[in-house]
There are 2 protein chains.
Amino acid sequence: MEPTADEPTIPPAIAEAWGLRGRAPKGPRPGLTLGGIVAAAVALADAEGLPAVSMSRVAKELGAATMALYRYVGAKEELLTLMVDAAYGEPPAPAGSGPDWRVGLSRWAWAEREALRRHPWIVRVPIGSPPLTPHQLGWLDAGLRCLDGTGLTEPEKMSVMLLLTSYVRNEALLTAQLLDAAQAAGREPGAVMPAYARLVARLADPARFPALHAVLASGALDSDDDPDDEFTFGLDRLLDGVETLVRARTAG
Amino acid sequence: MEPTADEPTIPPAIAEAWGLRGRAPKGPRPGLTLGGIVAAAVALADAEGLPAVSMSRVAKELGAATMALYRYVGAKEELLTLMVDAAYGEPPAPAGSGPDWRVGLSRWAWAEREALRRHPWIVRVPIGSPPLTPHQLGWLDAGLRCLDGTGLTEPEKMSVMLLLTSYVRNEALLTAQLLDAAQAAGREPGAVMPAYARLVARLADPARFPALHAVLASGALDSDDDPDDEFTFGLDRLLDGVETLVRARTAG
DNA sequence: CGCTTCTGCGTAGACCATACGCAGAACTAG
DNA sequence: CTAGTTCTGCGTATGGTCTACGCAGAAGCG
C-alpha cells in the first residue's frame, strides 16, 4: 500500500483512462462505467453548454445518484479533464504518403479546429494541469510526427506544436465568445460582429485609439467575412514562420 | 427611459469604466468606489488566487456587506472583466523613434507576458465576451500602431494581433498550469518539468507515441531550461511569419 | 457460512451568487 | 423648514454548487 513516493500522484480516474487499473475481484459489480459517465457529461455539454454540467445533473442523466459518480471520479475537475480528452477523440491520421510537413500540420490544425467546433465548450474548461490524457497526448504525438524529417531539434518541434495549438484554441475561444454574445443579445450570429464594431466605435475615443479606429473605419469588421478565411490567414502566417526555421536548419 | 434599441446592451459597470456615467445628484453618497472594489479584488486574486475571489470575500476585504457590491456591479462576471482590465493596466508606450514594427511588436509581446506574469490568474478568468474595456482596447491599439507603415491591410493587422496575443496568453497559461501542479505536489518549481516528463514516459507506450518518446528521449524536457528562451523561440517564429507577409506586401 | 471488500447512495455541511425589499441618508422643490 | 424623491447599504432568503462521511447491502473467497 506504500505509494511510490518518488513519482508524482496520479489521479485514479486518469490511470483508468489509460487502461491500467487493478480491477477488483471482490465486491459488487460496478453499475456504471467511467466511459459512460464521461460520455453522458459530454453529451450534456454539447446539448446545453458547460454550465449545465453539474455532478447532480450528470448523475440524473445516468439514472444514478449524485454521490455514485464519486466512486469513479475523484473530483469534478477530473471529470472535466476526461471530458476534454473524450471530446478531442482520435487525432487525425498522419498524412499517408506525402512527407510534406506543411500539409501535415495544416491538416492537423484544421482537425483540431473541427474538434473545437464540434464541442465549443472545450475552450471553456478551466484546466489545472498539463496534458496527461491519452487522446491529448495522441494529438501531440500526431503533430510532432508531421515534423519528422525537418531538421528541427526536439525542443523546437515541441515549441512549434505549442505555437500551433495556441493559435487554434484561441481562435476557437474568440469565435465562441462572439457566438455567445450573439445569442445573449438575441441577434443572429452574422450581425454580432458589426454590432461589436459599432459599440467599440462609440466607446473608444478616436484620438486616444487611432489605430483601432483605422481598423473600424476600414470596415474590416463590418462585413461578416468567412471565418475560415480568417483562420487560414493566421495559420499561413504561423506556418510561414516555421518554414523560415526549417529552411535555415536544412540549409545549415 | 427608452433604451435605444438599435444598440446592444452595455453593462453599466463597463460604461462607468469608460468614465461615462450619470452621477446621481440625489441620494446618499456612495461609500464605495468601483475602482476600489476592483482593486481589492485584484489584490485578493494576487495574494490568494482566483478561487479566493468571491463576492462575500471581496466585500469583507472592503469592510462592506456582500450585497453592497451589487450596487456597483451587475454580476460577478462583470467584476472579473474589470479585474482583468485593471490587471493589464496601461499598454507599453509605443517605441519612441524607431519605426521598426518588429521591435515594437516584440516589446508589446514581452509587456503582455510581464503583465500575465504579475497576475497569473488572468488566464484563468472565464471570459464570456469580446474585449470592450479601456485598457484591453488600449493594448490592442498599441499593438496595431506598431504595424503602421507596413503595407498590411487593416484586417491583416487585426489577424496578426490575434495571433500574437494568442501565443502570449497560451504560453502564460501553460506556465501557470505547471506552476500550480508543482505546488500542488509540493515540489519546487524547477523540478516539475522533469517529473512531468517522467510521468508521460511511464504512461505513454513508446510504440503508440513514437514522436512523443523521441522528445522525451532527447532530454528536452529534463533540463528546466530558461522559460524566457522558450518564449523567445516561439515569438521569433511568429514574427518571422509576419515578416514574410510584410515583405510580400512591400515588394508588391 | 463467515469475512472481506467494494458499490451505491442518503445525509449533511460549507459555500456560492444573487433576487427582493426595507431603513435611512442626501439632496431638491416648495 | 418640510415633503418628496432617489439612491445607498445591506439583512434575509432561495436555490444552487461540490463533496466528506458513513451505512446497507451485494459479490466473491476461504
Side-chain angles (χ1 to χ4, degrees), chain A residues 1 11-13 15-16 21-38 40-41 44-45 48-83 121 124-126 128 184, chain B residues 1 11-13 15-16 21-38 40-41 44-45 48-83 121 124-126 128 184:
Chain A
M1 301 304 179
E16 145 104 46
R21 246 279 255 233
R23 306 180 290 115
K26 299 271 192 73
R29 288 293 160 75
L32 298 162
T33 323
L34 203 160
I37 294 172
V38 172
L44 190 55
E48 304 182 32
L50 197 59
V53 178
S54 70
M55 296 306 267
S56 49
R57 183 66 198 283
V58 173
K60 189 179 297 178
E61 222 73 17
L62 289 163
T66 306
M67 291 312 291
L69 302 188
Y70 282 91
R71 291 279 174 203
Y72 300 84
V73 160
K76 190 187 180 181
E77 194 198 308
E78 276 178 34
L79 175 58
L80 290 174
T81 300
L82 295 176
M83 283 174 65
W121 45 267
R124 291 287 165 70
V125 173
Chain B
M1 301 309 177
E16 145 104 46
R21 246 281 254 228
R23 307 179 291 113
K26 298 272 191 72
R29 287 294 158 75
L32 276 57
T33 323
L34 200 145
I37 294 172
V38 171
L44 190 55
E48 303 182 33
L50 196 60
V53 178
S54 71
M55 296 304 267
S56 50
R57 185 65 200 284
V58 173
K60 189 181 296 179
E61 221 73 17
L62 288 164
T66 306
M67 290 313 290
L69 302 187
Y70 283 91
R71 292 278 174 204
Y72 301 82
V73 160
K76 191 186 181 181
E77 194 198 306
E78 276 177 34
L79 175 58
L80 291 173
T81 299
L82 295 176
M83 282 172 65
W121 45 267
R124 290 286 164 71
V125 172

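In the text below, chain A, chain B and the rest are named by the order of the sequence lines, each starting its count at 1.
- Mapping A:Pro28 and B:Glu77 onto DNA chain C by nearest heavy atom places A:Pro28 at the nucleotide closer to the 5' end.
- Scored by the side chain to side chain donor-acceptor pair (under 3.5 Å) test, B:Arg124 finds B:Asp180 as partners (sequence neighbours excluded).
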request  = Could you go through the side chain to side chain contact (heavy atoms under 4.5 Å, CB included) check for A:Val73 and A:Val38 one step at a time?
outcome  = CA-CA 10 Å; A:Val73 160; A:Val38 172; 6.0 Å; no

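- Every residue was checked against the side chain to side chain donor-acceptor pair (under 3.5 Å) condition with B:Glu78, not counting sequence neighbours, and none meets it.
- Note that CE of B:Met55 and OH of B:Tyr70 are 4.0 Å apart. Values are rounded to the nearest 0.5 Å.
- A:Ala45 pairs by the side chain to side chain contact (heavy atoms under 4.5 Å, CB included) definition with A:Val53, A:Met83, A:Trp121, not counting sequence neighbours.
- For B:Thr66, there are no side chain to side chain donor-acceptor pair (under 3.5 Å) partners two or more places apart in sequence or in a different chain.
- Residue pairs meeting the salt bridge (Lys or Arg N to Asp or Glu O under 4.0 Å) criterion with at least one member in residues 62-71 of chain B: none, sequence neighbours excluded.
- Considering only residues two or more places apart in sequence or on other chains, B:Thr33 meets the side chain to side chain donor-acceptor pair (under 3.5 Å) condition with none of them.
- Closest of all the heavy-atom pairs between A:Tyr72 and A:Leu34 is O-CD1, 3.6 Å.
- Residues from residues 48-56 of chain B that place a heavy atom under 4.0 Å from any atom of DNA chain C, listed by number: B:Ser54, B:Met55, B:Ser56.
- Heavy-atom contacts of chain A under 4.0 Å fall on DNA chain D between two terminal nucleotides, which in 5' to 3' order are D:dT17 to D:dC29.
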Solution key, residues 56-63 of chain A side-chain donor-acceptor pairs under 3.5 Å, sequence neighbours excluded:
unit_1: A:Ser56; atom_1: OG; unit_2: A:Ser54; atom_2: OG; d: 3.2
unit_1: A:Arg57; atom_1: NE; unit_2: A:Glu61; atom_2: OE1; d: 3.2
unit_1: A:Arg57; atom_1: NH1; unit_2: A:Glu48; atom_2: OE1; d: 3.1
unit_1: A:Arg57; atom_1: NH2; unit_2: A:Glu48; atom_2: OE2; d: 2.9

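- Contacts between residues 62-69 of chain B and DNA chain D, counted as heavy-atom distances below 4.0 Å, involve B:Ala64, B:Ala65, B:Met67, B:Ala68.
- Atoms CZ (B:Arg57) and P (C:dA17) sit 12 Å apart, rounded to a whole Å.
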